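To keep things clear, I will list the structure first and then write my remarks on it.
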Amino acid sequence: MATVLDIATAAAQEIGVVAAGETLTADDGALALSSLNDLLDQWAAERLQIYTVTRSTWAIVSGTQNYTVGSGGDVNIAWPVYLEYVNYQDTAPTDTTEYQLSPLTEQAWSRVPIKTLESPQPTAYYYNPTYPLGTLSFWPVPTSATLQGVLGAPTAVAAFASLSTAVALPPGYRRMLIKNLAMDMASAFEREPSPGLVMDARESKAVVKRSNKRLMDMDIEVAALGQAAGGRHAYNITQGP
């Protein structure tokens, strides 16, 4: 299994900083580690650079609308830039039942007239990515005492602790790390990336993004299923016109 040092050495070879069989100096290795972690930090904000979604659950407190999301928060996970989904499950039935919640955009949340409206179960949620803890709000405010929140958040690759850290990532990531780290290190070593390296860095990143693309359900506005102009019904894909 490759280590961070293997990735860093290969990247340095790409721009001619070291030759085959040579190793990085301690200072150059530290620079490579810092540059690699900077890349990972940037890619954490790019959804298609993230290959996994982590499912988390927590207890919903009756009458409590807002929950913090992030390290040390009510939902204790790495701070997410965005959420894939938020549901709730009811533990009262013999078989715990999970229900979907509708996401509210910034505009939709601003148009909710009574934000403190209460109901046994919520129907929607609003996520405000405040930092270092995001804020997740249920609406209406749930009053049932048997609910759990269910949250799915993309989990980015964590920063590497040292050059000796093993790199265990899906296919495509190693080449992407090497090529893009070489691009990032080039300016520090006053090297001009070759056109081939520029192309390889771009393509390796595109390959990873294509592999991380997920299927999505297609939504349609309910109004679109009503009557069309002239009194005719809108087209139904399962029934025809």
Side-chain angles (χ1 to χ4, degrees), residues 1-54 56 68-73 75-84 129-134 152-214:
M1 183 180 295
T3 64
V4 174
L5 180 59
D6 295 329
I7 300 294
T9 301
Q13 289 173 350
E14 288 281 347
I15 55 176
V17 172
V18 296
E22 295 181 344
T23 58
L24 290 170
T25 66
D27 288 342
D28 290 347
L31 173 63
L33 176 62
S34 177
S35 296
L36 184 55
N37 283 333
D38 284 345
L39 282 176
L40 294 179
D41 179 69
Q42 177 179 313
W43 291 343
E46 299 181 37
R47 175 62 187 91
L48 291 180
Q49 289 292 92
I50 303 174
Y51 66 89
T52 186
V53 173
T54 299
S56 303
T68 55
V69 182
S71 181
V75 187
N76 189 16
I77 60 174
W79 182 80
V81 178
Y82 34 74
L83 306 179
E84 284 289 312
T130 49
Y131 190 83
L133 294 174
T155 305
V157 178
F160 295 116
S162 69
L163 291 171
S164 62
T165 302
V167 179
L169 293 170
Y173 274 77
R174 176 172 175 166
R175 179 177 172 82
M176 179 184 70
L177 291 176
I178 291 172
K179 299 296 184 178
N180 285 274
L181 177 58
M183 289 285 296
D184 201 65
M185 292 170 57
S187 60
F189 288 100
E190 299 182 348
R191 303 299 172 93
E192 185 68 28
S194 67
L197 176 59
V198 174
M199 183 178 298
D200 287 346
R202 184 183 300 119
E203 179 57 27
S204 63
K205 191 175 179 182
V207 168
V208 167
K209 287 190 172 186
R210 284 195 294 269
S211 68
N212 287 341
K213 189 174 183 179
R214 291 171 175 254

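Positions are given from 1 along the sequence. Just so it is clear, the model here is predicted, and its values are computed rather than measured.
- Defined by atom type and a distance below 3.5 Å, a donor-acceptor pair is present between the side-chain atoms of Thr3 and Asp6.
- Atom CZ of Arg174 has 12 or fewer neighbouring heavy atoms from other residues, nucleotides or ligands inside a 6.0 Å radius.
- Residue Ala153 comes nearest to Ile77 through the heavy atom pair CB-CD1, 3.9 Å, listed as atom of the first residue, atom of the second, then distance.
- Within the model, atoms CG of Asp28 and CG of Leu33 stand 12.5 Å from one another, a figure rounded to the nearest 0.5 Å.
- Contact of the Val18 side chain with the Leu24 side chain is registered, since non-hydrogen atoms from C-beta on lie closer than 4.5 Å.
- Once rounded to the nearest 0.5 Å, the distance linking CE of Met183 with NZ of Lys205 reads 10.5 Å.
- With rounding to the nearest 0.5 angstrom, the CG atom of Asn180 is 11.5 Å from the CD1 atom of Ile7.
- Put simply, CH2 on Trp43 and CG on Leu48 are 13.5 Å apart, with the number rounded to the nearest 0.5 Å.
- Note that CG of Asp200 is 11.0 Å distant from CD1 of Ile178, once rounded to the nearest 0.5 Å.
- Residues Leu177 and Val4 have side chains not in contact (no heavy-atom distance under 4.5 Å, counting atoms from C-beta outward).
- Two residues are said to be in side-chain contact when any heavy atoms from C-beta on lie closer than 4.5 Å; Phe160 and Asn37 meet this criterion.
- No donor-acceptor pair under 3.5 Å is formed between the side chain of Ser34 and the backbone N or O of Leu31.
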Side chain to side chain contact (heavy atoms under 4.5 Å, CB included) between Ile15 and Met185, intermediate numbers included: CA-CA 8 Å; Ile15 55 176; Met185 292 170 57; 4.0 Å; yes
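- The two atoms that bring Gln49 and Asn212 nearest to each other are C-ND2, 3.5 Å, heavy atoms only.
- Using a 4.0 Å cut-off between charged side-chain N and carboxylate O, Lys179 and Glu203 make no salt bridge.
- Residues Ser162 and Ser164 share a closest heavy-atom pair of OG-OG, 2.9 Å.
- Heavy atoms only, all atoms of each residue included: Pro193 and Val198 are closest at CB-CG2, 4.0 Å.
- Here the side chains of Pro154 and Tyr82 are in contact, with some heavy-atom distance below 4.5 Å.
- Among all heavy-atom pairs drawn from Gly29 and Leu163, the shortest one is O-CD2, 3.5 Å.
- For Val81 against Ala45, the heavy-atom pair with the smallest separation is CG2-CA, 4.3 Å.
- At a threshold of 4.5 Å between non-hydrogen side-chain atoms, the residues Tyr51 and Val157 count as touching.
- One finds the NZ atom of Lys209 at 9.5 Å from the CE atom of Met176 (value rounded to the nearest 0.5 Å).
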